[in-house]
Amino acid sequence: MSRPTRRGLLAGGTALLAAPGLARAQAEPLKIGLILPMTGPFASTGRQIDAATRAWLRTNGEVQAGRRLEILLRDDGGVQPDTTRRLAQELVVRDKVKVLAGFGLTPLALATAPIATEAKLPMVVMAAATAIIPQRSPYILRTSFTLPQVTAPIAEWAARNGIRSAATLVTDFAPGHDAEGVFKARFAAAGGRMALELRSPLRNPDYAPFLQRVKDAKPDALFIFCPSGEGAAIMKQFQERGLKEAGIKLIGTGDVMDDDILNSFGPDALGTITSHHYSAAHDSPENAAFTAAFRAVAPNMRPNFMAVGGWDGMTLIAESLKAANDTDGDKLLAAMKGRSWLSPRGPVTIAAETRDITQDVYIRRVESREGQLWNLEFDRIAQVAA
Ligand code: PHB
């Protein structure tokens, strides 16, 4: 695999490292309202992003462009869009935040979009990944990924690598629908045949009956999308139902082989091929620095793709503050559009037109190294637009 080119990228990352911000803040702090699911079924997303933002501040310094970055963390519980919207409203009106950030799941980001529009404040989506999100407000930008962006590469890889028929199993909400639609279209266009399309509920899913149906249909492969954290329950049933022994290959987006929980999966996970924008095993100096900084604040966790979205969200906010030298929402937004930097995942750009992230997407295989499971990248599709 060739290394991503560094030419043409802004030197944002190194500038940050060179100015650790030990100087005293002169001006008003820049308040960032960070809304995450810190409790509830999607708390792993909250824990990952919270740790990443703290690691960022510890590494780069709280003072940026003469202002202290002050994070106001709010737990929305991850399942009630009304709660997320109310917390955002309070952060804007009462706490006077200048940036909204976080948003663990699509419905929560969609519910908050009108608040960002009305307040004219940048809303940095660090996690939620349904394609349409930035279209819901001209103030939304995204540092995570989109399901279409990471699904197309695995669909095409599968068709090119001897998989003639496939089933899909996706969680039944917007990002799952994105993944299902794109997988189907790209796999069929490349000559593949869809054997079965299944959707499991977002709340309290029981994967056993779905996996039994897949086993009975005997496709060459099963494509899975589930939100971060759910992979463990799916893998348990995949194992118990004996799908691997039945000759059915597991493929998916990287969400299912989430680095937060990958190491708890048994040997059935070995060899699983997924496509995604981030692996904790990504081989670059930027990722080595990121994973070390993350472990310093969260020694028992491995950073996953949610964490890198949080880390890069902080880079976007800090670099835009420096460029705008102002905390006005419209000026910050203007500075965020079109910004490029070298992320722990590789080179990224917030496309000026769409406010969405352009990034490399990798094909990875689960392998064991020194007794631990990792997603090892073996192919790269450069600079995929969202
Ligand atoms: C989403 O709600 O957009 C979402 C959540 C978790 C993921 C991916 C997408 O892993």
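Order of appearance sets the numbers: ligands from 1, and atoms from 1 within every ligand. Sequential numbering from 1 along the given sequence is applied to the chain's residues. All of these numbers come straight from a predicted model, not from anything done at the bench. No hydrogens, no waters, no symmetry mates; every other heavy atom, side chains included, goes into these values.
- When side chains are defined from C-beta on, D50 counts as touching L73, because their heavy atoms get closer than 4.5 Å.
- Interface atoms of ligand 1 facing M306, defined by a heavy-atom separation under 4.0 Å, are 6 (C), 7 (C), 10 (O).
- In this structure, of A129, G104, P37, A127, the residue bringing a heavy atom nearest to atom 5 (C) of ligand 1 is G104.
- When the options D312, L34, L36 are evaluated for a side chain to side chain contact (heavy atoms under 4.5 Å, CB included) with M126, the one that passes is L34.
- Interface atoms of ligand 1 facing A128, defined by a heavy-atom separation under 4.0 Å, are 1 (C), 3 (O).
- With a 6.0 Å cutoff to the six-membered ring centre and a 45° limit on the axis angle, R365 counts as a cation-pi contact of F378.
- The closest side-chain heavy-atom distance from F42 to V79 is below 4.5 Å.
- For atom 3 (O) of ligand 1, the closest non-hydrogen atom of the protein is T106 OG1, 2.5 Å.
- For the side chain to side chain contact (heavy atoms under 4.5 Å, CB included) criterion with L141, the lone passing option out of D356, T354, L333 is L333.
- A cation-pi contact, defined as under 6.0 Å to the ring centre and within 45° of the axis, links R302 to W374.
- Between F305 and H276, the ring center distance clears the sub-6.0 Å criterion.
- Among protein heavy atoms, atom 10 (O) of ligand 1 sits closest to D255 OD2, 2.6 Å.
- In terms of protein heavy-atom proximity, atom 4 (C) of ligand 1 is closest to P175 CG, 4.0 Å.
- Applying the 4.0 Å criterion to heavy atoms of F305 picks out, from ligand 1, the atoms 10 (O).
- At least one heavy atom of F173 sits under 4.0 Å from some atom of ligand 1.
- Every atom of ligand 1 is numbered from 1 in the order shown, and the set under 4.0 Å from a heavy atom of S228 is 6 (C), 7 (C), 10 (O).
- Using a 4.0 Å cut-off between heavy atoms, F103 makes no contact with ligand 1 at all.
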